[in-house]
Amino acid sequence: MNGRQLQKLGVPEECVREAITAIQFAISSRTTDSKQVKAKIKEVLDAPEAFLDDDYFAKFAQAIIDDRNFVRAEPVAYETWGKSGIDQESHFQMRQACSVPVAVAGALMPDAHVGYGLPIGGVLACDNAVIPYAVGVDIACRMKLSVLDIAADAIDSQFNRFKEALEGGTRFGVGKEYQKPQAHAVMDADWSITRITREKKDRAWKQLGTSGSGNHFVEFGLLTLTERDEELNLDAGQYVALLSHSGSRGAGAAVCSTYSAIAQAALPKKYEDLGRLAWLDLESEAGQEYWAAMNLMGDYAAANHDVIHRQVSKLLGSQIIAGVENHHNFAWKETHGGKEVIVHRKGATPAAAGELGVIPGSMADPAFVVRGKGNAASLGSASHGAGRQMSRTKARDKFSWKAVKNDLEKKGVRVLSAGADEVPGAYKDIRQVMNEQADLVDIVARFDPRIVKMCDDGSKAED
DNA sequence: ATGTAC
């Protein structure tokens with residue numbers, strides 16, 4: 001039988017080669033003659049599971065099972081928050097992601113915008129599989145807020161003290177590292193779990209305590225609670241707080257690209273267009289390696305913030321009295337709808353019932369400490385920020401520091417350094433975004449930025 | 001978001 005005849009019998013194109021190999025093998029072993037071949041193929045197509053232990057047709061049967069698992073006529077339905085602010089391209093990406101054969105549920109947060117593979121602000125649950133690009137390049141990118149034992153008025157009256165703490169307590173820039181690595185227990189963890197984490201360990205060590213670039217920042221601001229929060233152990237009032245946004249730096253990016261390349265190479269031909277949505281079966285060796293490396297990057301990113309907060313608060317001469325932190329680029333094993341699934345949150349804040357998190361706005365707009373409501377349709381998630389209103393390039397064209405200076409001054413925000421593509425006007429209105437996700441999180445406290453440091457893009461924030 | 005360069 002040739003390939004065309006096999007396909008006429010119902011053998012998918014992707015499985016024709018396995019069918020021919022099986023037939024040749026069976027005939028050469030004289031267990032099947034050419035007359036029986038057609039019937040045999042039909043039997044396997046009817047119930048491939050029954051042939052998984054067959055001496056000759058097992059591989060063909062497995063190929064049929066795998067192929068059927070890949071077929072999905074319609075993308076999984078997903079709910080969208082803040083519909084009006086989300087562009088069509090993000091929806092296209094989300095539909096693509098929800099068409100991946102391992103996808104079981106999804107949701108789109110109100111700050112969603114286009115990203116690699118899954119949109120940023122995308123939540124995707126998969127069955128026993130993980131998609132490196134649905135976690136994101138900056139694995140375990142996260143927020144950390146520390147409340148300090150300093151009187152609120154000091155932030156204005158002792159500006160230089162705060163400025164020096166921010167400037168001395170971390171470093172910005174692509175590839176930025178310390179010559180003398182900072183100490184942290186995370187470097188005692190086993191980095192030899194995968195080749196890439198082993199190779200990147202020294203670099204990661206030198207990058208401990210750094211902030212990277214893009215939308216990453218460290219800032220001082222005023223945290224306002226309108227009522228006491230028992231969990232935070234803070235009374236109503238105003239506090240000085242340190243807020244940072246950073247991730248797993250070069251090491252995390254290397255883990256993402258390494259394992260997405262492995263996943264893409266393993267994609268069946270008919271799914272090659274999925275590209276950066278390539279998944280890894282969690283039972284596979286590569287899947288287990290990615291999972292272990294991703295979790296190490298989670299610990300590393302948390303340690304990175306630890307070091308930043310340790311250094312900044314030490315330079316400031318202050319103690320940390322309370323805090324909130326969370327990843328927003330990560331995947332978790334969770335139970336939804338009674339089934340264990342892998343939930344990817346890429347630029348989305350975990351918001352299970354009662355779970356605390358931090359959602360930043362922009363350099364001149366408030367961040368919010370939130371408590372999740374465990375909304376099932378969002379898979380227990382919320383936005384990770386206000387979301388961009390325009391691309392970085394467009395923002396650089398449209399805004400200059402001169403143009404935003406008044407706005408920043410009026411709001412009492414002092415920017416030590418930043419890129420013009422990060423000005424407030426490049427972002428959506430965080431208050432509107434919070435309104436759009438009022439069914440996802442409760443607001444616990446408001447953080448108003450006062451002194452901000454981001455990666456300098458060469459254009460002067462002071463001018 | 002990162003950092004390298006078939």
Side-chain angles (χ1 to χ4, degrees), chain A residues 90 93 111-122 131-144 170-179 194-197 199-218 244-261 264-265 275-277 290 293-294 296-298 300-305 308 326-331 344-349 360 362-363 383-388 390-396 417-422 426-427 453-458:
Chain A
S90 300
Q93 285 194 314
D111 59 338
H113 52 281
V114 171
Y116 288 135
L118 188 69
I120 293 148
I131 301 175
Y133 267 103
V135 168
V137 169
D138 189 6
I139 299 174
C141 183
R142 52 191 268 136
M143 301 300 306
K144 182 178 174 78
T170 185
R171 294 183 183 185
F172 284 88
V174 175
K176 208 63 163 182
E177 55 185 33
Y178 287 93
Q179 279 178 335
T194 68
R195 179 181 169 176
I196 193 71
T197 47
E199 287 176 358
K200 296 293 173 187
K201 181 180 176 180
D202 286 346
R203 180 107 214 242
W205 203 342
K206 288 182 176 172
Q207 292 191 321
L208 205 48
T210 63
S211 292
S213 64
N215 57 4
H216 288 179
F217 60 78
V218 289
S244 57
H245 180 202
S246 185
S248 53
R249 310 288 286 99
V255 169
C256 176
S257 61
T258 299
Y259 285 94
S260 188
Q264 285 185 57
R276 289 194 176 104
L277 285 168
Y290 175 78
M294 180 196 78
L296 178 59
M297 291 304 99
Y300 172 72
N304 192 20
H305 283 266
I308 293 168
N326 64 271
H327 294 326
H328 52 220
N329 281 12
F330 212 64
H344 304 79
R345 294 189 183 85
K346 181 184 187 178
T349 303
S362 80
M363 57 172 70
S383 85
H384 84 312
R388 288 201 152 266
M390 64 188 76
S391 69
R392 294 185 171 281
T393 351
K394 201 173 164 199
R396 275 191 293 264
S417 60
D421 49 355
E422 286 294 333
Y427 285 91
K453 187 163 175 61
M454 299 185 79
C455 188
D456 199 333
D457 72 347

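Residue numbers start from 1 in every chain, and the chains themselves are labelled A, B, ... in the order their sequence lines are given, proteins ahead of strands.
Protein atom CG of A:Leu118 is 16 Å distant from nucleotide atom C1' of B:dA1, rounded to whole Å. What separates CZ of A:Arg249 from C1' of B:dT2 is a distance of 8 Å, to the nearest Å. Following rounding to the nearest Å, A:His327 (NE2) and B:dA1 (C1') show an atom-to-atom distance of 17 Å. Atom CD1 in A:Ile139 sits roughly 11 Å away from atom C1' in B:dA1 (whole-Å rounding). B:dT2 atom P lies 13 Å from atom OH of A:Tyr133, rounded to whole Å. Nucleotide B:dT2 holds its C1' atom 14 Å from the CG atom of A:Asn304, rounded to whole Å. In this entry the distance linking NE2 of A:His245 with P of B:dA1 reads 7 Å, nearest Å.
Heavy atoms of A:Asn329 sit nowhere under 4.0 angstrom from any nucleic acid atom. A:Glu177 comes within 4.0 angstrom of nothing in the nucleic acid, heavy atoms only.
By the side-chain contact (heavy atoms from CB on, under 4.5 Å) test, A:Ala302 is found to be paired with A:Arg142, residues two or more places apart in sequence or in another chain being considered. Take A:Ile120 and apply the side-chain contact (heavy atoms from CB on, under 4.5 Å) test, not counting sequence neighbours, and it matches A:His113, A:Lys346, A:His384.
With no hydrogens or angles considered, no side-chain donor-acceptor pair links A:His216 and A:Ser211 at under 3.5 Å.
Between A:Ser257 and the phosphate of B:dT2, there is no side-chain N or O to OP1/OP2 separation shorter than 4.0 Å.
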Might you list the N or O atoms of the protein lying below 3.5 Å from N or O atoms in nucleotides 4-6 of chain B, with each pair's distance?
residue	atom	partner	partner atom	Å
B:dT4	OP1	A:Arg203	NH1	3.3

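Pairing each heavy atom of A:Ser246 with each of A:Thr210, the nearest pair is OG-O, 3.2 Å.
A:Arg392 has a carboxylate O that lies under 4.0 Å from a charged side-chain N of A:Glu422, or vice versa, which qualifies the two as a salt bridge.
No side-chain heavy atom of A:Ser383 sits under 4.5 Å from any side-chain heavy atom of A:Thr349.
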